Amino acid sequence: MAEKVLVTGAAGQLGRDMVLLLENKGHEVLACDRQEMDITDLDQCGTVIDDFKPAIVIHCAAHTAVDAAETDIDAAYAINAVGSRNVALAAEKAGAKLIYISTDYVFNGQSDRPYHEFDNTDPQSIYGKSKRAGEVMVQSLSTKYFIVRTSWVYGKYGNNFVKTMLKLGQEKPLLQVVHDQTGSPTYTADLAAFLLELMVTEKYGIYHASNTETCTWYEFTEAIFAEAKDILGLEFSAKLEPCTTEQFPRPAPRPRNSVMEHLSIRTNGLIDLRPWREGLRAFLVDLKE
Ligand SMILES: NC(=O)c1ccc[n+]([C@@H]2O[C@H](COP(=O)([O-])OP(=O)(O)OC[C@H]3O[C@@H](n4cnc5c(N)ncnc54)[C@H](OP(=O)(O)O)[C@@H]3O)[C@@H](O)[C@H]2O)c1
């Protein structure tokens, strides 16, 4: 059945793939970029959502500049917390289901095991704290919500780690990449396919959804080079070297352990995402086409 779906952040990495997939599947989509609906504007959110009357709102808009958020604190909270409140209020008034995309950064990353959906959150960065504040807004204002935490996102649209490594790998003689942070890289198209499956259910709650299996950023880069050589025929000049987080201090702290267990996908009988390396291969094939 075709649904009326409104997507926020429609010009972003995930938003663009989400809109394309929804349109391909015959849903009626309102793709909202910042011009169409600035989520920090409560009245505009109310008007746009009330006019379209979606059955589902997929809220992908966010302040995602993790390091910049450490100094531009107000902007991070205005978009991730207040903006999410505005979207949640308007979606609730329209009787719509709400999917809020969240992040592994809501955890402190110090655990020795994967985080599941009901572990205590303890964000360490402004980005993580503001995204967690958005989760709280959604949980308190929405009756029909899905909070979907994902990690290490990359896709065809926008800048991301994979594209940066493909470029630097061909330009630099040496690349040092962090080998003491572990997580699950996630291809936007795979996450969008999961959201498509989830949105038509009434299995509300918190979900961890990333491509499965884990690696460090260094191991991810090794795989990017190997697969890009195979699929795109690229040659890389850069010698890869593992390094530590301490060697590359950044304004925002990164979780050492970003690995998330998919307890809710399992317990709700949903189909899990494929392993990250298969997602990476699919991304490179899509990039080629
Ligand atoms: N990227 C990751 O590694 C990662 C990891 C875990 C979770 N996530 C979450 O996944 C979701 C999608 O991430 P992404 O990588 O697709 O992010 P993205 O490419 O940065 O896209 C976010 C979009 O939100 C828009 N936006 C920002 N402020 C807005 C406002 N006030 N009103 C309307 N739109 C606004 C941005 O527009 P402008 O370009 O105009 O600013 C951008 O198009 C986010 O919720 C993010 O927190 C991402």
Side-chain angles (χ1 to χ4, degrees), residues 6-21 30-45 48-49 57-69 72 74-88 90 98-107 109 115 123 125-135 137-138 146-164 181 183-192 194-195 206-211 217 220 252 254-255 258-260 273 276 279 283:
L6 184 146
V7 179
T8 76
Q13 291 197 92
L14 175 63
R16 287 191 67 168
D17 266 333
M18 193 70 240
V19 168
L20 285 174
L21 182 64
L30 185 64
C32 294
D33 61 11
R34 194 194 280 263
Q35 269 67 49
E36 185 89 22
M37 190 177 84
D38 181 341
I39 62 164
T40 62
D41 185 334
L42 177 63
D43 292 340
Q44 197 184 14
C45 288
V48 171
I49 293 179
V57 173
I58 305 183
H59 176 27
C60 304
H63 185 292
T64 56
V66 173
D67 288 323
D72 204 355
D74 284 14
Y77 279 98
I79 295 166
N80 295 340
V82 174
S84 296
R85 178 204 63 196
N86 297 344
V87 173
L98 175 63
I99 300 184
Y100 170 69
I101 311 301
S102 192
T103 167
D104 53 309
Y105 278 60
V106 299
F107 298 113
Y115 290 95
S125 59
I126 298 297
Y127 169 72
K129 288 177 185 175
S130 63
K131 289 293 293 182
R132 174 63 193 146
E135 289 187 357
M137 294 291 188
V138 167
F146 307 91
I147 289 172
V148 179
R149 297 183 185 134
T150 189
S151 60
W152 296 22
V153 173
Y154 65 92
K156 268 190 290 184
Y157 308 105
N159 292 320
N160 54 58
F161 183 82
V162 183
K163 287 189 186 175
T164 302
Q181 293 169 26
S184 303
T186 303
Y187 180 28
T188 45
D190 288 352
L191 180 57
F194 171 73
L195 298 175
I206 304 177
Y207 288 84
H208 288 174
S210 46
N211 279 116
W217 289 110
F220 187 33
R254 265 63 179 172
S258 275
V259 180
M260 297 189 290
L273 284 74
W276 64 264
F283 166 71

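Numbers for residues simply follow the sequence, beginning at 1. All of these numbers come straight from a predicted model, not from anything done at the bench. Order of listing sets the numbers, starting from 1, for every ligand and every atom in it.
Residue contacts with ligand 1 for I79 involve side-chain atoms from C-beta outward but no N, CA, C or O (heavy atoms, distance under 4.0 Å). Of the heavy atoms in K131, only side-chain atoms (C-beta onward) come closer than 4.0 Å to ligand 1.
The protein heavy atom nearest to atom 35 (C) of ligand 1 is A61 CB, 3.8 Å. At the shortest separation from atom 40 (O) of ligand 1 among protein heavy atoms lies R34 NE, 3.0 Å. Atom 14 (P) of ligand 1 has as its closest protein heavy atom Q13 CB, 4.0 Å. Given atom 10 (O) of ligand 1, the protein heavy atom at minimum distance is I101 CG2, 3.2 Å. When hydrogens are left out, the protein atom nearest atom 17 (O) of ligand 1 is T64 CG2, 3.5 Å; that is the closest non-hydrogen contact. Looking only at protein heavy atoms, the nearest one to atom 42 (C) of ligand 1 is G12 CA, 4.1 Å. With hydrogens left out, the protein atom closest to atom 32 (N) of ligand 1 is I39 N, 3.0 Å, a heavy atom. Counting protein heavy atoms only, atom 33 (C) of ligand 1 is closest to M37 O, 3.4 Å.
At least one side-chain heavy atom of H59 sits less than 4.5 Å from a side-chain heavy atom of I39. Looking at D41 and N86, their side chains never come closer than 4.5 Å, going by heavy atoms from C-beta outward. In this structure, L195 and L21 have side chains that are not in contact, with every pair of non-hydrogen atoms separated by 4.5 Å or more. A 4.5 Å side-chain heavy-atom check between L14 and C60 finds at least one atom pair inside the cut-off.
Residue contacts with ligand 1 leave out R149, since none of its heavy atoms falls under 4.0 Å from the ligand. Ligand 1 is approached by C60 to a heavy-atom distance shorter than 4.0 Å. Ligand 1 has S102 within reach: a non-hydrogen atom of the residue lies less than 4.0 Å from it. Ligand 1 has Y127 within reach: a non-hydrogen atom of the residue lies less than 4.0 Å from it. Residue contacts with ligand 1 leave out G83, since none of its heavy atoms falls under 4.0 Å from the ligand.
Between T186 and A209, the shortest heavy-atom contact is CG2-O, 4.5 Å. The two atoms that bring G183 and P185 nearest to each other are O-CD, 3.8 Å, heavy atoms only. Of all non-hydrogen atoms in V87 and V57, the two that sit nearest each other are CG1-CG1, 3.9 Å.
Scanning T8, D33, D38 for the heavy atom closest to atom 31 (N) of ligand 1 points to D38. Closest heavy-atom approach to atom 16 (O) of ligand 1 within the set T150, L14, T188, N80: this belongs to L14.
A donor-acceptor distance shorter than 3.5 angstrom exists from the side chain of K163 to the backbone of G158, with no hydrogens or angles considered.
Heavy-atom contacts of A11 reach the following atoms of ligand 1: 43 (O) (cutoff under 4.0 Å). Ligand 1 places these atoms under 4.0 Å from at least one heavy atom of V153: 1 (N), 2 (C), 3 (O), 4 (C), 5 (C), 48 (C). Of all the atoms in ligand 1, the ones that sit under 4.0 Å from a non-hydrogen atom of T40 are 31 (N).
At a 3.5 angstrom cut-off on N or O pairs, G9 does not count as close to ligand 1.
Neither side chain, S130 nor H63, offers a donor N or O lying under 3.5 Å from an acceptor on the other.
Evaluation of the side-chain hydrogen bond (donor to acceptor under 3.5 Å, both in side chains) test over residues 146-160, restricted to residues two or more places apart or in two chains, returns Q13-N160, E135-R149, R149-H208.
Under the side chain to side chain contact (heavy atoms under 4.5 Å, CB included) test applied with L30, the options V7, T8, V19, V48 reduce to a single match, V48.
In the displayed structure, D67 atom CG is contacted under 6.0 Å by more than 12 heavy atoms of other residues, nucleotides or ligands.
A centroid separation of less than 6.0 Å is found between the aromatic rings of F220 and W276.
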